[in-house]
Amino acid sequence: MSLIGGIFGNNKQKIKGTVVLMRKNVLDINSILNPTNVIDSALDFAGSLLDAATAFATSISIQLISSTKADGQGKGKVGTATKLRGQISLPTLGAREEAYDVNIEWDSDFGIPGAFYIKNFMTNEFYLKSFTLEDIPNHGTIHFVCNSWVYNNTKYKTPRIFFANNTYLPGDTPAPLVKYREDELKVVRGDGTGERQEYDRIYDYDVYNDLGNPDKSDAYARPVLGGSVLPYPRRGRTGRGKTRKDPASEKPSDFVYLPRDEAFGHLKSSDFLAYALKSVSQDVLPVLTDAFDGNILSLEFDSFAEVHKLYDGGVTLPTSFLSKYAPIPIVKEIFRSDGEQFLKYPPPKVMQVDKSAWMTDAEFARETIAGVNPNVIKILKEFPPRSKLDTQAFGDHTSIITKEHLEPQLGGLTVEQAIENNKLFILDHHDYLIPYLRKINSSTTQTYATRTIFFLKDDGTLTPLAIELSKPHGQGDEFGPLSEVYVPQYEGVEAYIWLLAKAYVVVNDSCYHQIVSHWLSTHAVVEPFVIATNRQLSVVHPVYKLLFPHYRDTMNINSLARKSLVNADGIIEKTFLWGRYSLEMSAVIYKDWSFVDQALPNDLVKRGVAVKDPSAPHGVKLLIEDYPYASDGLEIWDAIKSWVEEYVAFYYKSDEALQKDPELQAWWKELVQVGHGDLKDKAWWPKMQTRGELVEVSTTLIWISSALHAAVNFGQYPYGGLILNRPTISRRFMPEKGSAAYDALAKNPEKEFLRTITAKKETLIDLTVIEILSRHASDEFYLGERDGGDFWTSDAGPLEAFKRFGKKLAEIEQKLVQKNNDETLRNRTGPAKMPYTLLFPSSEEGLTFRGIPNSISI
């Protein structure tokens, strides 16, 4: 009897199917690192010597599921299992992709396929890219975009199911597919118990209880983030066991569960970049530590010229020393190390034209609006600046900056007039730091809370007027701070005192940037959206399809960060001033986070750098007109919003339709009450009752995942690769007049400056990491692009709207190029002569200082 039978009756005809997949070994990092050693593991399970392609094909079967004809239970009819036939060649195949054909018997009683089951009878998993059915009578071609790992059939309680690329609100789902749609969501939600396995596809929530390792020693214990004391966004649950010493903390392990399709599994360098990050902590750190401990490398830089040498000669180590270590292929690949040259760094953009531009007040000020942390500066509306700290616990923290400090530099204006004319701005790194400053200063670091006041000049540029440095009072916090105010000086030792004052500000800004602007406000806050979307929105839901591209690789990079970057004694704690308090401080700052304020226009208005103005092009008027991050960002924001408006209007014809969408309402409820549950009672959460709210929420989420992350991430090495420009640690207090430290500064200012900021070892680690983080992978998808081309939906309206979105982004890019050529816009290039390109939508691979990927993928 034929394999095909049963429900197909006798009006049988063959329909042709094509499966595109990639075998596991192709995506294995080891094969990328060392292609000559690849062992084809696809047939490992039996040590089979059969012809590989044929054996592979006959180990996979497909069953069609009807979207128009139901069985006795009201579910779509299921066809009989058909095995793949043989390998075929297709002109559209990407690198390492393979295509197989399958001939499926079909008759009119079966109706139109809307889904299919696939079973894998091999030991190893494969990556299923797509399935296409051709020449369905009266219907034509049906596309299934899959992009998923398929494990051996025994790993699943129910067979893996994939749906055709049609898009349906729950109420519009063809009746025979409704149960399949609901059941698949139940599978992905899991039951919240047990330790997750590699092959699982379950999305669930947990607190950040995996940052420390108390069993190793008390020094590695870290508080749990998430809950009423230290609120935090939720991460993906792994279900690992708890530590011996602390039953609230999760036990570290080499394998960290991720829902399988969240793991890097692409063609090329996203794997490279991820493994390079791992390699820094596992391979590079031990080599550097030994080299410094054994006096092979000097512990300090002695001059700015020595720092510059990093980009000419790199870090060289004797071959005899290096031979003790196994080769580090990933380092060789990324850092072009060669012979004795262990690490080599490309010159960061900030020093490519002028190595000393970083020292100028103009560049220092410009980087607050066109640097790597351009969304913290605020308008100054009260003078002197006040504190919101509890005066009983911390004393009076009102600023001691006076009018006498500022008015000589205000071009004839009084402070009151400057405030009235929106001319004064503040970079305030004071209140959040004070409660932790005594702890931070009790280790090898010594630093200050800072307030910096800037003046907006008539030429549109900013200039610093005064810096206040505050440290805890020797007798106790309740006595208030000990503060000093510094104003610009350009001659003798006082010029270096002013340079040091700016360095203390930048250290604070670097820490806030990395841990709050970057980690917390993009990586961490998006993860609950990834989880809620997968748990509550079917893959055929229009909002799932809208948001899905903006989640690519985010859970994976976050998991990697918790293992190597933001963990106890990880790279961030080692190389940034906040040290062991880094993530704890980000949790304190999260208490005041608001999703609504992440929308760019709302953020600008809240910081007072823009005012609402319905007649202005983007509905807001910038008070610093030449504000590269804000002006470019508003162009991108509007393009995203227009696309989202068109998309939402296509699927929801009324607010009532949205209110009655059970998946959408469950998604939003879970996101607010669980994913960001520590803030669930905040009044600012949208209620998700109107299409306008859905548009605003989706636009904000896409903005955070794409443009905001690009703005705070891909400038890290171009600006921070020169440690002189963006130091991350300060190790000494400001020298006082008459002291030995002051005399030493007068004698050898560069050496003393370098003894104050990040030391050499920490600099090399920091540079190594931020160079990786600032790179684009070769298989990146940028804003306006999608994986799978035009097949992500079968609806022509959204496909056309998406093309218009891509075209609009290309037009914006041309406009931004012209802005950079406009010499009257002085903040766009500044003294460093580095045009602001971080919000150009497109990019090549590598370290480009431009490009907006769809998602937080590095």
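Numbering of residues begins at 1 and proceeds along the displayed sequence. Note that the structure is predicted; figures quoted are calculated from it, not measured.
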Inset, instruction - Report the C-alpha separation of K423 and D458 in whole Å, then their side-chain angles, then the decisive distance to 0.1 Å, and conclude whether the salt bridge (Lys or Arg N to Asp or Glu O under 4.0 Å) test is met. - result: CA-CA 9 Å; K423 293 281 193 184; D458 291 341; 3.5 Å; yes

Legend entry - CA sep, side-chain torsions, deciding dist, call: H676, F595, ring-ring contact (aromatic ring centres under 6.0 Å, His included): CA-CA 10 Å; H676 281 280; F595 178 72; 7.6 Å; no

Test: [X] and [Y] ion pair at under 4.0 Å:
X    : Y    : answer
E416 : K403 : yes
D509 : K502 : no
D766 : R726 : no
E762 : R731 : no
R234 : D678 : yes

Legend entry - Matching residue for L583 among L230, L211, L520 - test: side-chain contact (heavy atoms from CB on, under 4.5 Å):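 The single option meeting the side-chain contact (heavy atoms from CB on, under 4.5 Å) with L583 is L211.
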
Legend entry - Pair K381-N422, side-chain donor/acceptor within less than 3.5 Å: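 Looking only at side-chain atoms, N422 and K381 do form a donor-acceptor pair, the distance falling under 3.5 Å.
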
Inset, instruction - Can you establish whether the number of heavy atoms outside Q417 located under 6.0 Å from its atom CD is more than 12? - result: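 Yes, because the 6.0 Å sphere around CD of Q417 holds more than 12 heavy atoms from other groups.
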
If you compare all heavy atoms of [X] against all heavy atoms of [Y], which two are closest, and at what distance to 0.1 Å?
X    : Y    : result
Y504 : R732 : OH-O, 2.7 Å
D459 : T461 : OD1-OG1, 2.7 Å
I440 : L577 : CG2-O, 3.7 Å
V506 : N725 : CG1-O, 3.4 Å
G851 : S843 : CA-CB, 3.6 Å

Legend entry - Partner residues of E468 under the side-chain hydrogen bond (donor to acceptor under 3.5 Å, both in side chains) criterion, sequence neighbours left out: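 Partners of E468 by the side-chain hydrogen bond (donor to acceptor under 3.5 Å, both in side chains) criterion, ordered by chain and then number, come out as S399, R451.
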
Inset, instruction - Begin from the C-alpha positions of F849 and Y719 and carry the test ring-ring contact (aromatic ring centres under 6.0 Å, His included) through to its verdict. - result: CA-CA 10 Å; F849 191 54; Y719 284 110; 5.7 Å; yes

